[in-house]
Structures are given as C-alpha cells and as structure tokens.
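To start, the structure under review is shown below, and the notes come after it.
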There are 2 protein chains.
Amino acid sequence: MPKLDESLLTGLPPFSQLNRAQIREILDQAGSRRYEEGTAIFREGHDAESFFLLLDGYLRVVRTTPGGDQIIVLHISPGQLFGIAPALQRDTYPATAIAAAESIALSWSARVWSDFTARYPGFATESYKTLGQRLGQIQETLTEMATQAVEKRVACAVLRMANQSGRKTPNGIEIAFPVTRQNVSDMTGTTLHTVSRLLSAWQRDGIVESTRKHIVVTDPHALVLLSEQ
Amino acid sequence: MPKLDESLLTGLPPFSQLNRAQIREILDQAGSRRYEEGTAIFREGHDAESFFLLLDGYLRVVRTTPGGDQIIVLHISPGQLFGIAPALQRDTYPATAIAAAESIALSWSARVWSDFTARYPGFATESYKTLGQRLGQIQETLTEMATQAVEKRVACAVLRMANQSGRKTPNGIEIAFPVTRQNVSDMTGTTLHTVSRLLSAWQRDGIVESTRKHIVVTDPHALVLLSEQ
DNA sequence: TCCGAACGTTGCTCTGAAACAAACTCCCGG
DNA sequence: CCGGGAGTTTGTTTCAGAGCAACGTTCGGA
C-alpha cells in the first residue's frame, strides 16, 4: 500500500487540533480503498468492524425493509466520517453504505476508536458533534415525511442535495453525483413515476434542468418557495 | 431542596459502574423537579442549558413544523437520559419534551457533561450507546414512515409503546401513560380520524381495547401480524 | 348537579398519488 | 453499427386516506 499523505486529514474537523506527528500516527493505522459506483462499503446487519472517512466521491446510506423497499437515510460527502456504529457501542451496522459515484475512503479498525477519543484532543468532541447534526437532520426528514405533501418532500430532498454537494455553474447549482429518479423517490418515499412527473413540470417552469442521472437547479429560490409554502 | 437518595441512580446504565461516593457527587450537582401532565421540560430552539434524567413518568419528544403540524419523535421512559443536546455540542434543543403523564426528572447543567464523561468510568460509553439506539430507532421510524401503509404504521406505533412501557394485565398489555388518538396520529403522520377508525376496527376484531386516553393490547400477536405482513 | 370543553366516533366526498401499462431514449459492450 | 438493458416519460385507472361535518361521550370544575 502506498504511503498516505498527511495533507489528506489536515483541516478536517475531527483532526483539526492535531499536529503532523499525530496525523501521521492516525494515517499509519488506516487502510484505504477505492469503490466503484454501486459498490457497498458495508452492509446493514454485518459486524461493525471498521469506521471510515470519505476522501473522495459520494455515498448513499440506505436502509432496506423486510419487504424489500429501500429508502436513503442520508448522503455522505468527502471529509465526513461514516460507519461510526462502533463509536455507539453497536456491534452491527444499522444501515448499508453504497458508493453513489466512484469513491475513496480510509478505514480504521473499530478497536482503535476508544484510543482515538482518549489520545487525540477534539476528536471525540467533533465526532459527536457531527453525530448530533446527523441526528437532527434525520429528525427533520422524519417530520417532513410525516407532515408534508409529496411535492414539498421532493423539493426538500433536491435542495438538501444541492446544499450538501452543489457546484455553482453558469446555469445554476449542479448536484455533484449521479442521481436517478428512483434515487430521489427512495429519499422521499414515493414512486419514480411521481418524481419524473414533478421534475418534468419543474423543468417546464424553468426551475430545474435534468438529464438522466443528473440534476441542475436553475432557480433555487423558486424551489425553496415550493418546499416551504 | 430535600436531599436526594443514592438509590435513585444505582443500577441505571450510565451510572452502573460507579460507587456510592461517586453517585453522591453526581446527585449533589443535580436539580430535581416535578412536571404536571402537559408541561414542557424544554422547548425546541431554546438554549440547551441542561440535560436530564427521567425518574418517574413518561415524556413525549416532539418536533413542530413551521406550518404548525407536530410529530412525536420518541418517548422517554423512567431511567433514561434525555435532552442530551449539550453532549452533542448543540447550543439549542432540536425538539420539545412534554410530560405525557405527571413526571419527575433530575437535571444537570450542560457544563458538567464533559466533567462527567471525563471523571466517571462508563458514563460516556453508556450515554453514547443509548444515543446510538435512539438513532437506530429513528431511522427505523423513518423507513417505516416512507414505505408502509397507514395501518401498519399505526400498528407499529402501538406495539412500540406497548414494548417500551407496557404493563402486563389479565386482559393484555396496557400502555402505561395517557395516549389520545391525536397522539397516535402525531406518531404516525395521519389524522386522528383514521386512527379512531383503525382502533375501532381492531376493537371489533378483539385485538385491542381502548377507552379515552388509554389503550390495552389484548392480542399482541395479531397486532404483530398486522404490522409485518 | 349541570355545563362546557376535550376527546372520540362515524358517514360522506373527493383528491393526490400509487399502480398498471406502454413507449421512448440513452448508453455500453460486442 | 447494432442490440439490449437501464433509466425515463407519459397516459389511464384506481383507491386509500385526508378533509369536512356532525354527533356522541366522558370528565372536571363551578
């Protein structure tokens, strides 16, 4: 395995208070791997042997019902820790992580988590902070799901993706990873048919532009209105 | 304020590894209060100044949408920590906690959290463990909400309450705190009308018995079937 | 004891979105 | 260059469940 460079971790919240030597230590314990689009990094119910940091790419975190329906719980962007079930004393992962685009991630054995929290100042604090944000985010999705009509939910989902991983382009905000209609419906608990109709309608109204696996929000403000009103 | 007895905390997971003296220390820093049914312990968006432990009673943790709809995110039973936003570096509470029945809770200043985690072995571990369970629970509710039809969702909600706080009685499992139809609909994202119809139908089929603010599951097995199938 | 409010039930209507169906289009590999 | 599969669009049908309305019941307080 080629030696990993320290610049990979510097500046990321969980490691921001550490010096070069400490980051070196941490990297020396890490494994790294590339995942093709569509590959699972870990699966729901499997032993939580590792936790991860996404260096590049995008992930979907997915739960599947006994009936085979699946829904996307959250997305992971570069720089975020994920699969931190071990930190919560879980012995299995509660969800599945799938590469939405070609991705690269570091991984550490679950055993070193307690080492890290004990030895590296700020690591525990920052990790639990992201955990708190994630919890809040999921609660928000839940309330949304329970109270809002389909169109608002879809608008919210698109906005959330645009916020988390949007790139500014001349035409508007472009979502930086491949998204199918099916994926959006898995985020919102509808059917791909309904999502397709909505996106077509929005395209007519000049709010979004979308081709297959690809969405650009041309009029974010109008979409915000749709999501709130 | 009367002096609190050590027996209040002994045996509870976050404190189970501690000795009498340590529990004494912890109790000496605690405040205690009684809350009448319907009172808020803390409110969404307010400064997260304290964290709490429920000694007696039951709580609903609730989120409200800008539109005024509300949904019940989770229930808290005696012995559980709650309002642990401070532990996640949040400066405001992400939800509102309401006493579902007359309740008694201890509280500590948010400032002492880091003390507790540093000084008392097992405290951090156990706290984050419950946090992990809660996260998993919410994810489950979310998938349920997104994929299941109303009847199944209501069945799941009733079962969850029965599991968490059910008392065995000659007639079946009795939910130990007051629940209105409205409450159940707030857990499941439907209307009280639909919940009322479902409970009536189930009563006809001998699956539950319910009076106002009160539900007894007489045939848990049938309800499980409804919730899965 | 009576009143009023909170909680629950039930019937009816109507609509949003799922289900079903059938093409169409893009993309990749042979 | 062609074939096939994955992803998308669009039309039509159907129905669960929300919305509305009206009434019944229980309970606590004056």
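Sequence lines set the chain letters: A, B, ... in the order given, protein chains first and strands last, and positions in each chain run from 1.
Remark: A:Glu44 pairs with no residue by the salt bridge (charged side-chain N to carboxylate O under 4.0 Å, His left out) rule, at least two apart or across chains. Applying the salt bridge (charged side-chain N to carboxylate O under 4.0 Å, His left out) criterion to A:Glu228, with sequence neighbours excluded, gives no partner residue. Annotation: salt bridge (charged side-chain N to carboxylate O under 4.0 Å, His left out) contacts of A:Arg63 (sequence neighbours excluded): B:Glu140.
Separating the NZ atom of A:Lys152 from the C1' atom of C:dA17 is a distance of 16 Å, rounded to the nearest angstrom. Put simply, NZ on A:Lys213 is 15 Å from C1' on C:dT25, counting in whole angstrom units. With rounding to whole Å, B:Glu209 atom CD is found 13 Å from C:dT9 atom P. Here the C1' atom of nucleotide C:dA18 and the CD atom of B:Gln148 are 15 Å apart, to the nearest Å. Between B:His214 atom NE2 and D:dT25 atom C1' there is a gap of 17 Å when expressed in whole angstrom units.
Between A:Phe177 and A:His75, the two ring planes are tilted [angle within 30° to 60°]. Aromatic ring pairs are classed by plane angle as parallel below 30°, tilted from 30° to 60° and perpendicular above 60°; the pair B:Tyr93 and B:Phe42 is parallel.
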Apply side-chain hydrogen bond (donor to acceptor under 3.5 Å, both in side chains) to the pair A:Ser77 and A:Gln164, showing each step before the final yes or no.
CA-CA 7 Å; A:Ser77 323; A:Gln164 201 192 349; 2.8 Å; yes
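Between the side chains of A:Thr169 and A:Asn171, no donor N or O sits under 3.5 Å from an acceptor N or O.
Residues B:Gln137 and B:Gln133 fail the side-chain proximity criterion, which asks for heavy atoms closer than 4.5 Å. Side-chain contact between A:Leu9 and A:Leu53 is present, with at least one heavy-atom pair separated by less than 4.5 Å.
Listed in residue order, the members of residues 154-162 of chain B having a heavy atom less than 4.0 Å from DNA chain D come to none. Contacts between residues 180-199 of chain B and DNA chain D, defined by a heavy-atom separation under 4.0 Å, are made by B:Thr190, B:Thr191, B:His193, B:Thr194, B:Arg197.
Listed nucleotides: D:dA6, D:dT26, C:dT10. Nearest to the side chain of B:Ser200: C:dT10.
The residue among A:Glu151 and A:Arg212 whose nearest nucleotide of DNA chain C lies closer to the 5′ end is A:Glu151.
Each end of the helix from C:dT1-D:dA30 to C:dG30-D:dC1 gets its own axis from five base pairs, and the two axes differ in direction by 40°, given to 10 degrees.
None of B:Thr218, B:Ile173, B:Val154, B:Leu159 except one satisfies the side-chain contact (heavy atoms from CB on, under 4.5 Å) rule with B:Leu223; the exception is B:Leu159.
In this structure, CD1 on A:Ile215 lies 4.5 Å from CD1 on A:Ile175, to the nearest 0.5 angstrom.
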